[in-house]
Amino acid sequence: MDLRPINPYYKKATEGSSPKSQRVALKSAAYTYPYVWILPVTDRAQADIERAIFLCAHSWQELTAEQQEEYLAGLKGCINHSDLMRIENDIQILLDVLEISSASHVESVPEFPKENYFEDLRANVTLIRQGYHVHTDTPQVPVLPYNIWQKYNDLERILADVYEVINAQFHYYAGEEIFAGDDTGLLL
């Protein structure tokens, strides 16, 4: 599923620009949205952690070719920069779709995150969870610190559930068609 912001012409208003100049600019420019939904990882388990610990405890030369390939493919039992980039990407999409005025770190995920980064992450996930409907079994936003795999599963499950509800409602109301005509706008 590829969920773009529901209104493809939605852009956050910039200071000093008039609504008319924004409409003219948006009509003449082709729509592009830089982010694509990346499937969240919600099925981490203790076995993944133990496997990562095992692989990290050995030197590179001690690992077999299969173990080296597994290590390079990315270990589900480790949270690394690419995991945080995936989470921030999905947060940015949901912030845009729900029109929540908050900033994600999608363009600036720190290589070595500090406490304030995780506070921002938690605040954004909280805004997203509160900003739309969720399933009855959607977990609550976990409290800091994010130092166990269950908390990352919960964070990504919240994002996945909100995305699923939005996508289901979008298809219910609009089907696969976004536009009613060339310039008439959204069906929603």
Open item on the list: What I'd like to find out is whether the side chain of His135 reaches to under 4.5 Å of the side chain of Thr138, using heavy atoms alone.
Closed with: yes
TODO: Please tell me if the side chains of Val165 and Val134 come closer than 4.5 Å, counting only heavy atoms from C-beta onward.
DONE: no
Open item on the list: Heavy-atom count check: over 12 atoms from other residues, nucleotides or ligands less than 6.0 Å from Glu62 CD?
Closed with: yes
- [ ] Determine, stepwise, if the pair Val106 / Ile91 fulfils side-chain contact (heavy atoms from CB on, under 4.5 Å).
- [x] CA-CA 8 Å; Val106 70; Ile91 285 173; over 6 Å; no
- [ ] Take Asp120 and Lys114 through the test salt bridge (Lys or Arg N to Asp or Glu O under 4.0 Å) and record every step on the way to the result.
- [x] CA-CA 10 Å; Asp120 290 347; Lys114 298 193 170 148; over 6 Å; no
Task: Heavy-atom closest pair, residues Pro113 and Leu84 - done: CG-CD1, 3.6 Å
TODO: Can you label the angle between the Tyr163 ring and the Trp37 ring as parallel, tilted or perpendicular, going by 30° and 60°?
DONE: parallel
Task: Verify same cluster id: Leu144, Ile79 (apolar side-chain graph, 4.5 Å) - done: yes
Open item on the list: Between Tyr152 and Asp83, is there a side-chain donor-acceptor contact under 3.5 Å, judged purely by atom types and distance?
Closed with: no
Task: Any side-chain donor near an acceptor of the partner, Tyr35 and Glu88, under 3.5 Å - done: no
TODO: Take atom CZ of Phe118 as the centre, draw a 6.0 Å sphere, and report whether it contains more than 12 heavy atoms from other residues, nucleotides or ligands.
DONE: yes
- [ ] Is it possible for you to say whether Tyr146 and Met85 belong to one hydrophobic cluster, with membership spreading through side-chain heavy-atom contacts below 4.5 Å?
- [x] yes
Open item on the list: Is a donor from one side chain sitting under 3.5 angstrom from an acceptor on the other, for Thr42 and Asn153?
Closed with: no
Task: Joint hydrophobic cluster, Tyr33 plus Leu159, side-chain heavy atoms closer than 4.5 Å - done: yes
Task: Heavy-atom side-chain proximity of His105 to Leu121 below 4.5 angstrom - done: no
Open item on the list: Assigning hydrophobic clusters by single linkage (Ile, Leu, Val, Met, Phe, Trp, Tyr; side-chain heavy-atom cutoff under 4.5 Å), is Leu155 placed with Trp149?
Closed with: no
Open item on the list: Can you see whether Gln150 engages Asp154 through a side-chain donor-acceptor pair at a distance of less than 3.5 angstrom?
Closed with: no
Task: ILVMFWY cluster, Ile128 and Val41 together (side-chain gap under 4.5 Å) - done: no
- [ ] With the side chain counted from C-beta on, respond yes when Glu156 and Arg86 share a heavy-atom pair under 4.5 Å apart, and no when they do not.
- [x] yes
TODO: Can you measure from CD1 (Ile93) to CG (Leu98) and round to the nearest 0.5 angstrom?
DONE: 11.5 Å
Task: Basic-acidic side-chain contact under 4.0 Å: Arg129, Asp161 - done: no
